[in-house]
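By convention here, the first residue in the shown sequence is residue 1. Computed over heavy atoms, backbone and side chain alike; hydrogens, waters and symmetry mates excluded.
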Amino acid sequence: MSVLAGQPQASIEPMMLYMGRLAREAARELAFASTAQKNAALEAMARRIEARTGAILEANKNDIDAARGKGRDEAFIDRMALNEARVAAMALGLRDIAALPDPVGEMTATWTRPNGLQISRVRVPLGVIGIIYESRPNVTADAGGLCLKSGNAVILRSGSESFLTSLVICNALTEGLAEAGLPEAAIQLVPTVDRQAVGFMLAGLGGAIDVIVPRGGKSLVARVQEEARVPVFAHLEGVCHVYVHQPADPAMTKTIVLNAKMRRTGVCGAAETLLVDRAAAPTHLAPLVKMLIEVGCEVRGDADTQKADARVKPATEDDWAKEYLDAIIAVMVVDGLDEAIGHIARYGSQHTEAIITEDKEAAEKFLARVDSAIVLHNASTQFADGGEFGMGAEIGIATGRFHARGPVGLEQLTTFKYVVHGSGQIRP
């Protein structure tokens with residue numbers, strides 16, 4: 001696959017349209033591929049990725065060196081960085097997808113009408129999926145595997161920072177497809193970092209693309225939502241909250257808060273705001289703030305939080321709605337469960353929120369009334385991940401309400417059709 005950079009629009013457009021036609025042809029074939037053949041391809045992909053570990057890591061090092069040369073911060077670098085364990089996790093994710101039930105052809109409902117018509121609702125692939133992502137090269141493998149198993153062709157557009165890594169990974173995937181006798185065009189990586197390619201994808205490639213999935217920062221997602229002429233699985237930001245309610249076990253609270261914020265600060269499920277109930281503040285606030293600061297997390301807080309620890313920096317209005325993707329957290333003391341729910345509704349991004357409490361009634365109220373894609377009780381927000389949900393992998397966390405919400409896995413990459421059996425009925 002050649003790399004095109006700085007090419008005029010006239011040369012990029014026919015290339016993109018050709019990719020769309022190839023993808024559409026591949027999607028027609030994949031829609032009827034057997035589960036065994038798709039699983040064989042996934043296993044072959046996993047083996048190819050394992051065999052190419054050295055090449056993947058070498059490409060990743062080159063990408064990281066270039067990103068550092070552009071002044072990218074360490075949180076960004078962490079999102080794009082791979083090591084042997086992360087490469088192995090990509091291969092394992094493909095095998096996990098192979099082990100999942102095939103959604104294509106699943107009958108989700110069936111009924112018989114009084115006139116004898118037998119109606120069934122059956123899952124079918126979406127068709128061709130366009131995925132636009134920035135810094136995470138592992139999306140290449142996750143998206144390729146999920147789209148294949150769900151019977152969809154995919155056109156991947158990697159960010160420039162992780163392009164070389166994504167290219168090596170994609171080549172391994174297409175080799176796996178060929179080994180299993182499936183069309184290599186089922187998984188294609190746009191061979192240019194020119195942003196004009198994104199515009200052609202958003203326009204639908206002449207009707208070839210059925211849905212767009214953006215994975216990246218706010219500016220990318222905003223552009224996709226503004227310009228796309230095809231449906232979008234939207235994932236805006238991960239302004240995730242942890243709310244500490246009274247009663248909350250102190251040891252559990254510290255463990256969850258530390259993991260939710262600091263396990264990986266650059267993932268979309270990382271906690272960005274900590275809300276502490278005023279009733280819990282005398283016992284929980286100072287220890288939590290002290291813990292976070294001592295592990296290297298900057299704390300920006302309201303007046304109550306600043307009183308709890310002199311090292312806390314004053315929070316501004318902007319901090320309450322900010323996705324830091326870094327070792328920074330905003331902390332506020334709130335007057336009860338209703339105020340916590342109201343704060344999340346005002347400042348959150350409808351991604352992932354958690355409550356820590358031993359009060360089951362309060363937990364149920366929080367889970368029912370917080371309008372986010374994922375809500376948790378006594379668990380870290382960093383479980384916002386398709387793999388952790390048993391989906392094998394994900395191609396994003398959808399925060400909208402159209403078709404898919406939460407982790408986008410196999411089922412979310414299908415639609416349905418109605419199959420009707422009759423015995424000569426006509427409509428009067």
| query | Taking it one step at a time, do Arg47 and Glu43 satisfy salt bridge (Lys or Arg N to Asp or Glu O under 4.0 Å)? | reply | CA-CA 6 Å; Arg47 291 197 308 270; Glu43 173 57 36; 3.7 Å; yes
| said: For Asp63 and Arg72: C-alpha separation, side-chain torsions, deciding distance, then whether salt bridge (Lys or Arg N to Asp or Glu O under 4.0 Å) applies. | reply: CA-CA 11 Å; Asp63 279 336; Arg72 292 292 191 176; over 6 Å; no
| Asn259 and Gln382: CA distance, side-chain angles, deciding distance, side chain to side chain donor-acceptor pair (under 3.5 Å) verdict | CA-CA 7 Å; Asn259 183 267; Gln382 298 231 1; 5.7 Å; no
| said: Evaluate Tyr347 against Glu317 for side-chain contact (heavy atoms from CB on, under 4.5 Å), listing each step before the verdict. | reply: CA-CA 10 Å; Tyr347 296 104; Glu317 179 67 15; 2.6 Å; yes
| request: Would you check, one step at a time, whether the test side chain to side chain donor-acceptor pair (under 3.5 Å) holds for Ser162 with Tyr133? | output: CA-CA 10 Å; Ser162 60; Tyr133 56 107; over 6 Å; no
| request: Evaluate the criterion side chain to side chain donor-acceptor pair (under 3.5 Å) for residue pair Ser372 and Gln350; output intermediate values, then yes/no. | output: CA-CA 4 Å; Ser372 293; Gln350 299 184 323; over 6 Å; no
| query | Do Ile129 and Leu413 pass the side-chain contact (heavy atoms from CB on, under 4.5 Å) test, and can you show the C-alpha distance, the side-chain angles, and the key distance before you say yes or no? | reply | CA-CA 9 Å; Ile129 299 172; Leu413 295 176; 3.6 Å; yes
| Working for side-chain contact (heavy atoms from CB on, under 4.5 Å), residues Val87 and Ile49 | CA-CA 7 Å; Val87 175; Ile49 283 179; 3.8 Å; yes
| Between Lys261 and Glu272, is a salt bridge (Lys or Arg N to Asp or Glu O under 4.0 Å) present by the stated rule, with each step listed? | CA-CA 7 Å; Lys261 177 68 247 185; Glu272 306 291 19; 2.8 Å; yes
| request: Please lay out, stage by stage, how Leu126 and Thr414 fare under the test side-chain contact (heavy atoms from CB on, under 4.5 Å). | output: CA-CA 5 Å; Leu126 289 169; Thr414 63; 5.7 Å; no
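The number of heavy-atom neighbours closer than 6.0 Å to CD of Glu388, taken from other residues, nucleotides and ligands shown, is above 12. The 12-atom threshold is exceeded at NZ of Lys70, counting heavy atoms of other residues, nucleotides or ligands nearer than 6.0 Å. Around the CZ atom of Arg113, the shell of radius 6.0 Å holds no more than 12 heavy atoms that belong to other residues, nucleotides or ligands.
The backbone N or O of Gly301 lies less than 3.5 Å from a partner atom in the side chain of Gln306, making a donor-acceptor pair. Remark: side-chain polar atoms of His343 are not paired, donor with acceptor, to backbone N or O of Glu339 under 3.5 angstrom. A donor-acceptor contact shorter than 3.5 Å is absent between the side chain of Asp326 and the backbone of Ile328. Asn378 places no side-chain N or O within 3.5 Å of a backbone atom of Glu358 that could act as its donor or acceptor partner. Under a 3.5 Å cut-off, the side chain of Asn62 and the backbone N or O of Leu164 do not form any donor-acceptor pair. Side-chain N or O atoms of Glu364 include none that pairs as donor or acceptor with a backbone N or O of Glu361 at under 3.5 Å. Formation of a donor-acceptor pair under 3.5 Å by the Gln37 side chain with backbone atoms of Ala180 is found in this model. Between the side chain of Asp302 and the backbone N or O of Thr305, at least one donor-acceptor pair lies under 3.5 Å. In terms of modelled atom types and a separation under 3.5 Å, the side chain of Thr265 and the main chain of Met262 share no donor-acceptor contact.
Salt bridge status for Asp102 with Lys149: absent, with no side-chain N to carboxylate O gap under 4.0 Å. The pair Glu237-Lys322 does not meet the salt-bridge criterion, since no charged nitrogen lies less than 4.0 angstrom from a carboxylate oxygen. The existence of a salt bridge linking Glu294 and Lys290 is confirmed by a sub-4.0 Å separation between a basic side-chain nitrogen and an acidic carboxylate oxygen. Under a 4.0 Å N-O distance rule, the pair Glu134/Arg79 does not qualify as a salt bridge. Electrostatic pairing of Arg68 and Glu74 counts as a salt bridge here, judged by a charged N lying under 4.0 Å from a carboxylate O. Checked for salt-bridge contact, Glu25 and Arg21 miss the test: no charged N lies under 4.0 Å from a carboxylate O. Ion pairing between Glu298 and Arg300 holds under the 4.0 Å rule for side-chain N and carboxylate O.
The shortest heavy-atom contact between Ala271 and Val242 is CB-CG2, 3.8 Å. Here the closest heavy-atom approach between residue Gly151 and residue Pro125 is recorded as O-CB, 3.4 Å. Summarising the geometry of Met90 relative to Asn138, their closest heavy-atom pair is SD-CA, 3.6 Å, with the distance given to 0.1 Å. In plain terms, the two heavy atoms of Ala362 and Ile355 that are nearest each other are O-CD1, 4.0 Å. Minimum interatomic distance between Leu274 and Ile329 (heavy atoms only, all atoms of both residues): CB-CD1, 3.9 Å. The shortest non-hydrogen separation linking Pro183 to Glu29 is CD-OE2, 3.5 Å.
Thr352 places none of its side-chain heavy atoms less than 4.5 Å from the side chain of Phe383. Side-chain contact between Val312 and Val289 is present, with at least one heavy-atom pair separated by less than 4.5 Å. Side-chain contact between Ile212 and Pro231: absent, with no pair of heavy atoms (C-beta onward) separated by less than 4.5 Å. In this structure, Asp277 and Val333 have side chains that are not in contact, with every pair of non-hydrogen atoms separated by 4.5 Å or more. The side-chain heavy atoms of Thr108 and Val122, taken from C-beta on, include no pair separated by under 4.5 Å. Counting heavy atoms from C-beta outward, Leu148 and Leu182 have side chains that approach closer than 4.5 Å. Within the 4.5 Å cutoff, the side chain of Val239 has heavy atoms near those of the His241 side chain. You'll find the side chain of Phe389 reaches within 4.5 Å of the side chain of Ile374, heavy atoms only.
Relative to the ring axis of Phe416, Arg123 does not place its NZ or CZ within 45° and under 6.0 Å from the centre.
In summary, of the residues considered (Arg263, Arg136, Arg86), a salt bridge (charged side-chain N to carboxylate O under 4.0 Å, His left out) with Asp78 occurs for Arg86 alone.
Between the CD atom in Glu323 and the OG1 atom in Thr273 there is a gap of 11.0 Å [rounded to 0.5 Å]. For the atom pair CG of Leu117 and OH of Tyr418, the computed distance is 14.5 Å after rounding to the nearest 0.5 Å. Taking CE of Met45 as the start and CZ of Arg95 as the end, the distance is 12.5 Å to the nearest 0.5 Å. The CG atom of Asp385 sits 10.0 Å away from atom CZ of Arg264, with the distance rounded to the nearest 0.5 Å. Annotation: the span from Ile132 atom CD1 to Arg157 atom CZ amounts to 7.5 Å, rounded to 0.5 Å. Note that the CD atom of Glu106 and the OG atom of Ser120 stand 12.0 Å from one another [nearest 0.5 Å].
Ring planes of Tyr243 and Phe366: parallel class, angle under 30° (limits at 30 and 60°).
Side-chain atoms of Ser150 and Asn152 form a donor-acceptor pair, as typed in the model, at a separation below 3.5 Å.
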